[in-house]
Amino acid sequence: MKLTRRLMISALGLAMTAAMPSFASAEGLIAIITPSHDNPFFKAEAVGAEARAKELGYDTVVMVHDDDPNKQLELFNTAIAQGAKAIILDNAGADATVAAVQNAKDAGIPSFLIDREIKESGIAVSQIVSNNYQGAQLGAEEFVRLMGETGQYAELLGREADTNAGIRSSGYHDIIDQYPNMEMVAQQTANWSQTEAYTVMETILQANPEIKGVISGNDTMAMGAWAALEAAGRTDVIVVGFDGSNDVRDSIKAGGIKATVLQPAYRQAQLAVEQADQYLKTGSTGLDEKQLMDCVLINGDNADKLETFALAE
Amino acid sequence: MMRAMTAILGLLLALTALGACKIVPNPEPGSENAAAQTDEDRMAAKAGEIYAARLVPYVSGKAIDLPVLTTALQGGLDAAGKAHGVRPQAEGSAWNFLLKGQGTVVQANRESRAATMDLDVTGDGQADVTIQLGPVIRGTALRDAADFIVFTDYRDQIEFAKLARALNDRAHGAIALPEGDLTGRTVRFEGAATLRAATDPVLIVPTLLEIQP
């Protein structure tokens, strides 16, 4: 009697365990790992990936690594332990991430990278990144135009370990340095951070009161710089950002920051999920591993059409 | 025993003598010398390898006459692209076209660092294409029009951007035009252009420019 009951309970337990995944979703689990959602850019990625995954019948788990490679490695182990079918990743460092993605690959779990590259190919299935060089050139051309091709300016750089910081800066300078009357008086990192950018901008402004423009490696730093400029009563300074956030859009519409460059982050995240789905179903995405998506200049002319890192037609 | 000692001594002497020579190897890819190079240097070298040997003949072989493109564009950029263009696989990528033709110089701006020259190809007196003369050449048309140059083969965007820049530099370096006003002269060209919209002006990075007699 006792034995039968216990067996029945176990059988029920087994049945439930076995049935659970199909109750939860037909297609399995997709893990979505990004930097902190404090930056709306990364939040948009997570939201975009999650929405598309659910549409395609997957369960999702959304996690943040806070740009800490060790934490990222733990999250990968969690995803592997949870039996994720695929991982969508905006990574925590071009070098440091290689090992985590390799671990997943060894466990039979394909990774689909967005926004940031890693320094190896052949480990992730897809690496879909914004064409930061093309985007930076668009931003720089607009910056030079707004500056009237002349004057002192400062550049705010992103986090050094991030490839995107270097590529944007080099895109900016490939354009700006062609204009001999554009004079860079300061170039400092604010590590993508709004609060750091505020402090850095205050210091730059004190040392260079003649400054006429600021070109920033991303929108959060542009917002920080703009806040410092406003506080100092220097709303005449031309600020150009990069990302296409709603915050900067609103600032552009209010006559604050002058321009930014939209990375199609929302679509990029959705595309990564679509490629994961294709790969899981057919064994191939049918595309090159590394894909560059073009960016779009945002200024007063089209800011109205921008919403959550996507431009309405 | 004694003979063996002599032999060893002789060998040591020979080695000592060798040690006085300084062997300077040619730098090879993957060697320490290559590792010490900047991205810019490595991509300049890569551009040197492929520009004349592969890219110029590739453009010559695939280029279409400008009117072929103009006609195809009437059916929309995507249709023209599918028929005659090259583009990277990423969603939203621009189409790149390889073009050739001959036209009369209607206007030239050779003062700018980003010097250009406008050509009338159809003979109506209006400019149909703009040729980029540099030294500053904008865009990545040459790199992106070449189907044998694939982003996955490069470490990251920085390398890939430097390659585009280095190919543009090669294109500029190969231009040998006479000084002075070229207005009215006939020029034969081959090159690459990127189009993001059917109505975009055709801005060509030249791989061949010849003043016709």
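Every chain is numbered from 1 and lettered A, B, ... according to where its sequence line falls, protein lines coming before strand lines. Small disclaimer: the values here were computed from a predicted structure and weren't measured.
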| Any salt bridge between A/Arg249 and A/Glu307, counting N to O under 4.0 Å? | yes
| message | Any carboxylate oxygen within less than 4.0 angstrom of a Lys/Arg side-chain nitrogen, looking at A/Asp174 and B/Arg165? | response | yes
| message | Need one label for A/Ile175: side chain, backbone, both or neither, based on atoms under 4.5 Å from any heavy atom in chain B. | response | side chain
| request: Look at B/Lys62 together with B/Asp147 and state whether they make a salt bridge at an N to O cut-off of under 4.0 Å. | output: yes
| query | Considering only heavy atoms, which portion of A/Gln268 lies under 4.5 Å from any heavy atom of chain B: side chain, backbone, both, or neither? | reply | neither
| field | Top of B/Glu159, B/Glu91, B/Lys162, B/Arg113 for chain A proximity - count of heavy-atom pairs under 4.5 angstrom | value | B/Glu91
| said: Given heavy-atom pairs under 4.5 angstrom as the criterion, report whether the side chain, backbone, both or neither of A/Thr163 touches chain B. | reply: both
| remark: Bottom line for A/Ile128: the part with an atom under 4.5 Å from chain B's heavy atoms is neither
| message | Which atoms of A/Glu141 are under 4.5 Å from chain B, going by heavy atoms: the side chain, the backbone, both sets, or neither? | response | side chain
| Does NZ or CZ of B/Arg143 come closer than 6.0 Å to the centre of the six-membered ring of B/Phe160, within 45° of the ring's axis? | yes
| request: Give, as side chain, backbone, both or neither, the part of A/Glu117 having an atom under 4.5 angstrom from any heavy atom of chain B. | output: side chain
| field | chain A contact via B/Ala94 - side chain, backbone, both or neither, heavy atoms under 4.5 Å | value | both
| task | Check whether any side-chain N or O of B/Gln107 sits under 3.5 Å from a backbone N or O of B/Asp118 as a donor-acceptor pair, and report yes or no. | result | no
| said: Whether B/Arg155 and B/Asp39 form a salt bridge (side-chain N of Lys/Arg under 4.0 Å from carboxylate O of Asp/Glu) is what I want to check. | reply: yes
| request: Select, from B/Pro135, B/Gly92, B/Ala90, the one with the greatest count of heavy-atom pairs under 4.5 Å involving chain A. | output: B/Ala90
| Among A/Met293, A/Gln178, A/Arg267, residue most engaged with chain B (heavy-atom pairs, under 4.5 Å) | A/Gln178
| field | NZ or CZ of B/Arg170 within 45° of B/Tyr51 ring axis and under 6.0 Å | value | no
| query | Would you call B/Arg196 and A/Asp294 a salt bridge, taking side-chain N to carboxylate O under 4.0 Å as the test? | reply | yes
| request: With a 4.5 angstrom heavy-atom cut-off, could you sort out which part of A/Thr285 is near chain B: side chain, backbone, both or neither? | output: neither
